[in-house]
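Below, chains carry the letters A, B, ... as their sequence lines are ordered, and counting in each starts from 1.
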Amino acid sequence: MQIATWNVNSLSVRLPQVLDWLAANPVDALGLQELKLVDEKFPHEALQEAGYHAVSFGQKTYNGVAILSRTPARDVVRNIPGHGDEQARVIAATLDTPAGPLRLVNAYFVNGQAPGTDKFTYKMGWLQALHDWLRAEMAQHPRLALVGDFNVAPEDRDSFDPVGLAGTIHHTQEERAHFQALLQLGLTDAFRLFEQPDKSFSWWDYRMLGFQKNRGLRIDHILVSQALRPYVTACHVDRAPRKNKQPSDHTPVVATLAL
DNA sequence: ATGACTAATACCATTAGA
């Protein structure tokens, strides 16, 4: 089976591209971020016609996440239990595969704007809460994948300019320490299980010909638990949608699992 | 480089993204 993540930067605008992409890439599950719409406006019908069930957690204007899946999702959790949050950033659900259940956690991590800002403080608290909840979630669901827009470039090689951007948002020690803490829960970055091209990124700024110059960051990730890791047979970034007319600034990341 | 794009808002300028 294949699972994927894609920050679409407005599902209303990007729905045709999502449908096109799913037609060409019929993944079993897709985590979407930055829906920027309320649940009442979620395009269930169009996705159903494309062969996908969906569970969504939206809000007006900003944020919003959803899980699309070939089979119905169950035991849906919205946001981090016990962590009060006005922003719709997490949706988790269980998918039943022939080989057993797979727990999928799809998250739109906080951006954080810049170190020293209130938003950065919010990001740190959110990351800690996610970590603490995931520890319990993984104990309950050994076969777990955490996918989404992490808004963290884990290592220097995940940035087009690690020197110039050192210490800036997505590159700070604090953010990277939180990413490492997730790995210490037993999660593995599926992308790095395999040989990858240099300068592999998943986001490029809309400005200054960022994509054309490959001035990007790898901030969209698929992390798998120890129980899932042996089943991962491939993981790649699909740059193709970034070449669309009116693209999202992010592009999908896809992992293949022998499930 | 206080910049550049893109999307949403009950709006024609501001906020947010990363």
When rounded to whole Å, the CG to C1' distance for the pair A:Asn151 and B:dG17 reads 8 Å
Could you tell me whether the phosphate oxygens of B:dG17, OP1 or OP2, come under 4.0 Å of any side-chain nitrogen or oxygen in A:Gln33? no
Inset, instruction - Give a yes/no answer on whether the side chain of A:Tyr108 brings an N or O atom under 4.0 Å of OP1 or OP2 in B:dA18. - result: yes
Whole-Å distance, A:Tyr122 OH to B:dG17 C1', equals 14 Å
>> Is there a side-chain hydrogen bond (donor to acceptor under 3.5 Å, both in side chains) between A:Arg14 and A:Ser248? Walk through the geometry before answering.
In response: CA-CA 7 Å; A:Arg14 231 65 66 189; A:Ser248 170; 4.9 Å; no
**OP:** Report yes if at least one side-chain N or O of A:Lys119 is closer than 4.0 Å to OP1 or OP2 of B:dG17; otherwise report no.
**Re:** yes
Q. When you compare B:dC12 with B:dA7, how far apart are their C1' atoms, in angstrom units rounded to a whole number?
A. 15 Å
- Item | Under 4.0 angstrom between A:Asn7 side-chain N/O and B:dA18 OP1 or OP2 | yes
Looking at A:Asp96 and A:Pro101, would you say the former's side chain and the latter's main chain have a donor-acceptor pair under 3.5 Å?
no
| field | A:Lys60 side-chain N/O to B:dA10 phosphate OP1/OP2 under 4.0 Å | value | yes
When rounded to whole Å, the CD to P distance for the pair A:Glu86 and B:dT15 reads 20 Å
Tested for side chain to side chain donor-acceptor pair (under 3.5 Å) against A:Asn151, the lone hit among A:His170, A:Gln33, A:Lys123 is A:His170
Requested in this report: Looking at every strand, decide which applies to A:Asn63 at a 4.0 Å heavy-atom threshold: base, sugar-phosphate, or nothing.
Outcome: nothing
Testing B:dA18, B:dG17, B:dA4 for proximity to the side chain of A:His170, the answer is B:dA18
Rounded to whole Å, the CD-P distance (A:Glu34 to B:dA8) equals 10 Å
| query | So does A:Thr61 get a side-chain nitrogen or oxygen closer than 4.0 Å to the phosphate oxygens (OP1/OP2) of B:dT15? | reply | no
Whichever of A:Phe109 and A:Ser10 has the more 5' nearest nucleotide on DNA chain B, that residue is A:Ser10
Whole-Å distance, A:Asp205 CG to B:dA1 P, equals 17 Å
Pick base, sugar-phosphate or nothing for A:Asp220, based on heavy-atom distances below 4.0 Å to the nucleic acid.
nothing
(request) Pick base, sugar-phosphate or nothing for A:His171, based on heavy-atom distances below 4.0 Å to the nucleic acid. (result) nothing
A:Arg215/A:Asp205 salt bridge by N-O under 4.0 Å criterion
no
Rounded to whole Å, the CD-P distance (A:Gln87 to B:dT15) equals 16 Å
Here the distance between atom C1' of B:dA18 and atom OH of A:Tyr206, to the nearest Å, is 11 Å
| query | Which value, in whole Å, describes the distance between the P atoms of nucleotides B:dA13 and B:dA1? | reply | 28 Å
The nucleotide from B:dC5, B:dT15, B:dA7 with an atom nearest the side chain of A:Arg207 is B:dC5
P spacing across the pair B:dC11 / B:dT6, given as an integer number of angstrom: 24 Å
Quick one: does A:Arg218's side chain get under 4.5 Å of A:Asp189's, heavy atoms only?
yes
Would you measure the distance from the P atom in B:dA10 across to the matching atom in B:dT15 and give it in whole Å? 14 Å
Salt bridge between A:Arg176 and A:Asp156, side-chain N to carboxylate O under 4.0 Å? yes
Discussion item. Is A:Asn9 close enough to B:dA7 that one of its side-chain N or O atoms is under 4.0 Å from OP1 or OP2 there?
Written reply: no
Using a 4.0 Å heavy-atom cut-off, does A:Arg14 contact any base of the nucleic acid, only the sugar-phosphate backbone, or nothing at all? sugar-phosphate
From NZ of A:Lys36 across to P of B:dA18 the rounded distance in Å is 8 Å
